[in-house]
There are 2 protein chains.
Amino acid sequence: MRITIKDIARLAGVSPATVSKIINNYSDVGEATKQKVLSIMEETGYRPTHSAQSLATKKSNLIGVIFAGKINVDINDPFFVDIVNSFKKTVGSLGYDLLFFSNEKFQATDDDYLARCRYYQVDGCIIISGDELQPSIIELDRSEIPCIGVDLVLSGERSGYLMTDNYKVSSKVIEHFYLLGHRSIAHIGGKKGSPISDMRYNGFIRALGEYGLPIIEEYIIRGDSFKEQSGYNVMKKLLSLPEVPKAVYAASDLMAFGAIRAIKEAGLRIPEDIAIVGCDDLDACRYIDPPLTTISQDKEKMGKLAAYMLSDIIEKNLGTSSLFVEPELIVRKTCGAYIKDF
Amino acid sequence: MRITIKDIARLAGVSPATVSKIINNYSDVGEATKQKVLSIMEETGYRPTHSAQSLATKKSNLIGVIFAGKINVDINDPFFVDIVNSFKKTVGSLGYDLLFFSNEKFQATDDDYLARCRYYQVDGCIIISGDELQPSIIELDRSEIPCIGVDLVLSGERSGYLMTDNYKVSSKVIEHFYLLGHRSIAHIGGKKGSPISDMRYNGFIRALGEYGLPIIEEYIIRGDSFKEQSGYNVMKKLLSLPEVPKAVYAASDLMAFGAIRAIKEAGLRIPEDIAIVGCDDLDACRYIDPPLTTISQDKEKMGKLAAYMLSDIIEKNLGTSSLFVEPELIVRKTCGAYIKDF
DNA sequence: CTGAAAGCGCTTACAG
DNA sequence: CTGAAAGCGCTTACAG
């Protein structure tokens, strides 16, 4: 039924071995035979079969995509999707296709990623973190499978990772507020214990020091998630203080949205009464009223870097490396600064 | 190196054939041998290899995911992602994993989807439309590969499709406006020629008839895309009319966002001066000011249905079938109707 | 209930 | 420059 390498060989009057060499671009093949075989492959529309190639070579040209953590089930997280989109383009041009693991399958061992990677013989993996990690990710990190973590520190021999410089995220916010004349800055932090939110929190404290700004205990409150409601709740507390802060830095856009809702409910104006900046640069930032000033991660670049780093590990057997990507301040209207060159 | 079925057989003192039968749940195996083999597999952590299984059975347990059309390169479209997310869960529980094709690869023949499906021996495909179709999708539809189209009419022997009932989308909007007392309704249409936008347009015209409402030529303008700017431009035209419409139905949320911008710039109020409803229920609808009333597609259900339809075609060899999913009106604040039971 | 043997479609030393 | 042969790790009639 299916047309195989044997058929091509017969049609061209050569051996399957020779056809194989031509498919794989070996140099030691006669130009004449090469052309003949090539044209027959063309005519017949022949294509090799992945499983046969994979079985023989132990390579699959497949990259596994894993969204680690409890949030695992959902691949529609905007951050995840943007990274993967960019990653896919680059890795695609390098000759790989993407395999998304269904978490619903190998449930037996609570998500045995390593087993699945071996099952499919993936050449490598990209693991994007969703904060709460499973042990099976650690197992995968330590294995022979090349891995690259995004927002996730990996330390295996054939692993690498990258993330936005989250300290810089906070210091850019502080700098912005500082230049605008603010000296007392509040922070709506993300959940304590989440690596990303901890980095932003610590970055905030550190930046305060660098700019000689006071750390005001009552102004620093951490929510229980990155969600809208959490930001709303924290802002309510801030609003109930004897002296309401005039500048607040929310660790996520969603929290900033919640804070904006609370501020409006309190009858206060943004940015006149309270200036606010978020974090993530969701699409909705442009549509909310007023449009939210925020920090953007260069997801395009991150996906691309992840692709190249992974391919370096796979092909050149490079060891662990890590990269920190520069974040960018996006000035919109929640801080009263309209000048673009901030 | 890798532990194989032969090792297990040797360790258990049986033949590879017997181990294979146990792996594949054949019934004609002695209980005693079965238990022994099972425990050895457990101890050794043995897992079969995908490529070997696939080569022998000609099945891959892989479903190809294709985002058809020119927009192809980007998988971060919210509609696409939500559908795929739901699809993935269901199809995952059915034992399949997802393969995302890189468009950058087989560029030779402008995206030879069929060839790629055969190369990977995918068991089936889900094709989500991005309006502008490539010929290679048609080729795939006509092939032996089971396909299910989302927002895309497929007619192959082993194909099926589903989409939201886009006529109903429009009639629900008209009904809402009608109940609110509006009799002259404007339409900011999507690009002419795009199947989805045409259905919404035609549904609009038809619903007008059903409610005995007039078709006002000047009030019906189609944009050149579903984008924000396009909605802005069309709304400007509407605003320049001698009699400005008081109710407008935009064929996409993004267009509605653009229209809102134009309305605000003109110094008019929403919904007091102009009521507006969008289409898609993007996240941003909740954050824009005022929150946008819109029509939501049941993406969760659509993904699930797509999964079951596809698996029916694959396993039961079922023929073509098509499904139309009921859309839902989400009442927010752009029409002046706050009552939930609309 | 169990196993020997052939086959799935390719690749890779190796010999010539 | 070319080909015969063995091997990759499974499965599937078929025979017993």
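Letters A, B, ... are given to chains in the order of the sequence lines, protein chains preceding strands, and every chain is numbered from 1.
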request  = State which residues pass salt bridge (charged side-chain N to carboxylate O under 4.0 Å, His left out) with B/Asp312; sequence neighbours excluded, sorted by chain then number.
outcome  = B/Lys316
With A/Glu315 via side chain to side chain donor-acceptor pair (under 3.5 Å) - residues at least two apart = A/Tyr96
Any A/Thr18 side-chain nitrogen or oxygen under 4.0 Å from OP1 or OP2 of D/dT2 = no
task = Would you please say whether a donor-acceptor pair under 3.5 Å links the side chains of B/Ser51 and A/Gln121?
result = yes
query = Taking only residues two or more places apart in sequence, or in another chain, which ones meet A/Glu144 in a side chain to side chain contact (heavy atoms under 4.5 Å, CB included)?
reply = A/Arg118
task = Could you summarise the pairing of DNA chain D as dot-bracket text, marking Watson-Crick and G-U pairs under 3.5 Å with ( ) or [ ] inside the strand and | across strands?
result = |||.||||||||.|||
Sequence-distant partners of A/Arg142, side chain to side chain donor-acceptor pair (under 3.5 Å), two or more places apart = none
request  = Only counting residues at least two apart or in another chain, list the ones meeting salt bridge (charged side-chain N to carboxylate O under 4.0 Å, His left out) with B/Asp7.
outcome  = B/Arg10
ask   = How would you list, by chain and number, every residue that makes a salt bridge (charged side-chain N to carboxylate O under 4.0 Å, His left out) with B/Asp123, sequence neighbours excluded?
value = B/Lys59
note = Reading nucleotides 7-16 of chain D from 5' to 3' and marking B where a protein heavy atom lies under 4.0 Å of the base, S where only the sugar-phosphate is that close, and - otherwise, the string is BBBBBB----
inquiry  = So A/Ser54, base contact, sugar-phosphate only, or nothing? Heavy-atom distance under 4.0 Å.
reply    = nothing
request  = Would you mind reading off the distance between B/Glu31 atom CD and C/dT2 atom C1', rounded to a whole angstrom?
outcome  = 15 Å
message = Test of understanding: with salt bridge (charged side-chain N to carboxylate O under 4.0 Å, His left out), list the residues that count as partners of B/Lys6, not counting sequence neighbours.
response = none
